[in-house]
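Starting from 1, each residue takes its place in the sequence as its number.
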Amino acid sequence: MTSASEEVAAGGAPLLRFHEVSKIYGEGEARVHALRDVSFEVHKGEFVVIMGSSGSGKSTAMNVLGCLDVPSSGQYLIEGVAANELSANVLAKLRNIRFGFVFQGFNLLPRTSALDNAQLPLIYAGMRASERAIRAKKALAEVGLAGREGSMPNQLSGGQQQRVAIARALVNSPEVLLADEPTGNLDTKTSHEIMHLLTDLNHTLGLTIVMVTHEPDVAKYGSRLITFRDGRIESDRQQVPL
């Protein structure tokens with residue numbers, strides 16, 4: 001049986017590519033065009049920031065990138081392979097293997113230690129307990145939480161909880177980190193600390209990052225800024241990151 005990684009392999013292709021992607025919700029007068037013929041590429045090692053007002057399509061684009069949703073038309077290609085041609089089982093494997101997810105809400109299990117929260121994706125992957133613990137400790141160390149493995153979420157600050165969430169996203173060694181408003185629940189100082197962490201991960205691990213934000217100061221950390229408006233790309237430009 002072909003694995004998820006084997007089904008998504010094509011040399012030289014962009015890591016991720018939208019080709020004239022549209023997404024429509026509802027029918028008749030209730031139809032909403034969340035995305036309208038959107039095309040862009042993400043290459044390995046990029047730090048791409050997506051901005052736009054509420055209803056601009058940025059969150060829908062993120063859901064499609066993470067294989068949480070599929071286009072109504074057009075193609076979403078992962079290293080040259082169309083995601084809509086893959087089975088639900090393969091898409092689920094891709095979400096666990098290729099992508100790490102970070103959200104505005106930390107989504108930590110409240111009565112579970114930082115170590116156990118960080119290793120949750122490995123439990124779903126069926127990894128044995130000893131290996132899970134080693135990899136989770138490594139991920140926590142990468143986000144600056146070495147020594148806090150036994151801490152419960154209520155013993156951690158908001159910034160530390162988000163670091164646990166980032167460690168959880170990193171524990172499977174994903175190629176792409178998808179971050180949806182990762183600083184939305186944090187104060188300004190902590191937001192910049194988290195952004196410095198993401199920048200370091202991008203530089204030191206070569207991690208590809210796609211991040212949605214509505215905060216202009218946070219958007220400055222990316223090396224590329226894509227702005228959405230009314231379901232379309234309004235601008236797509238390189239920038240000098242902070």
Side-chain angles (χ1 to χ4, degrees), residues 1-27 34-35 38-44 46 48 50 57-103 105-109 112 116-136 138-139 165-180 182 205-212:
M1 181 177 177
T2 304
S3 70
S5 296
E6 290 170 337
E7 291 201 36
V8 181
L15 189 57
L16 310 173
R17 183 187 179 206
F18 270 31
H19 178 65
E20 298 180 353
V21 167
S22 292
K23 182 64 183 181
I24 300 171
Y25 296 103
E27 297 180 357
L35 296 174
V38 172
S39 296
F40 69 93
E41 297 176 352
V42 176
H43 292 267
K44 184 175 177 59
E46 281 196 289
V48 180
I50 298 176
K58 62 183 187 300
S59 293
T60 300
M62 183 68 86
N63 287 339
V64 175
L65 284 169
C67 299
L68 299 170
D69 207 344
V70 295
S72 300
S73 62
Q75 284 189 314
Y76 169 40
L77 302 147
I78 304 172
E79 289 193 327
V81 174
N84 61 314
E85 296 177 0
L86 302 176
S87 69
N89 285 340
V90 171
L91 288 174
K93 290 177 182 178
L94 284 176
R95 286 193 294 271
N96 198 40
I97 296 170
R98 287 277 178 125
F99 299 101
F101 297 87
V102 179
F103 302 99
F106 314 132
N107 300 326
L108 302 180
L109 298 179
T112 304
D116 288 341
N117 267 292
Q119 64 180 304
L120 279 174
L122 303 178
I123 295 174
Y124 301 143
M127 185 177 291
R128 66 180 184 271
S130 58
E131 180 65 18
R132 292 200 308 262
I134 291 170
R135 293 183 63 168
K138 179 176 181 290
I166 294 170
R168 181 181 58 199
L170 294 176
V171 76
N172 262 342
S173 301
E175 293 179 67
V176 183
L177 183 71
L178 299 176
D180 193 352
L205 301 182
L207 186 65
T208 304
I209 300 176
V210 182
M211 180 183 74
V212 164

Any side-chain heavy atom of Leu108 sitting closer than 4.5 Å to one from Arg168?
yes
Close side-chain approach of Ile123 and Arg132, heavy atoms under 4.5 Å:
yes
Asp69 side chain to Tyr25 side chain, donor-acceptor N/O pair below 3.5 angstrom:
yes
Look at the side chain of Asp180 and the backbone N and O of Val212, then say whether any donor-acceptor pair between them is shorter than 3.5 Å.
no
Any side-chain heavy-atom pair from Leu94 and Ile78 closer than 4.5 angstrom?
yes
Between Glu79 and Arg98, does any side-chain N to carboxylate O distance fall below 4.0 Å?
yes
Would you say the side chain of Ile97 lies within less than 4.5 Å of the side chain of Asn172, judging by non-hydrogen atoms?
no
Can you tell me how the ring of Phe99 sits relative to the ring of Phe101, calling it parallel under 30°, perpendicular over 60° and tilted otherwise?
tilted
Does Arg17 reach the main-chain N or O of Val42 with its side chain, forming a donor-acceptor pair under 3.5 Å?
no
Contact check, side chains of Phe106 and Asn117, non-hydrogen atoms, under 4.5 Å
no
For Glu20, is there any backbone N or O sitting under 3.5 Å from a side-chain donor or acceptor partner on Ser39?
yes
Would you check if the side chain of Asn89 reaches a backbone N or O of Ser87 as a donor-acceptor pair within less than 3.5 Å?
no
Quick one: does Ser72's side chain get under 4.5 Å of Lys23's, heavy atoms only?
yes
Which label fits Phe40 and Phe18: parallel for a plane angle under 30°, tilted from 30 to 60°, or perpendicular past 60°?
tilted
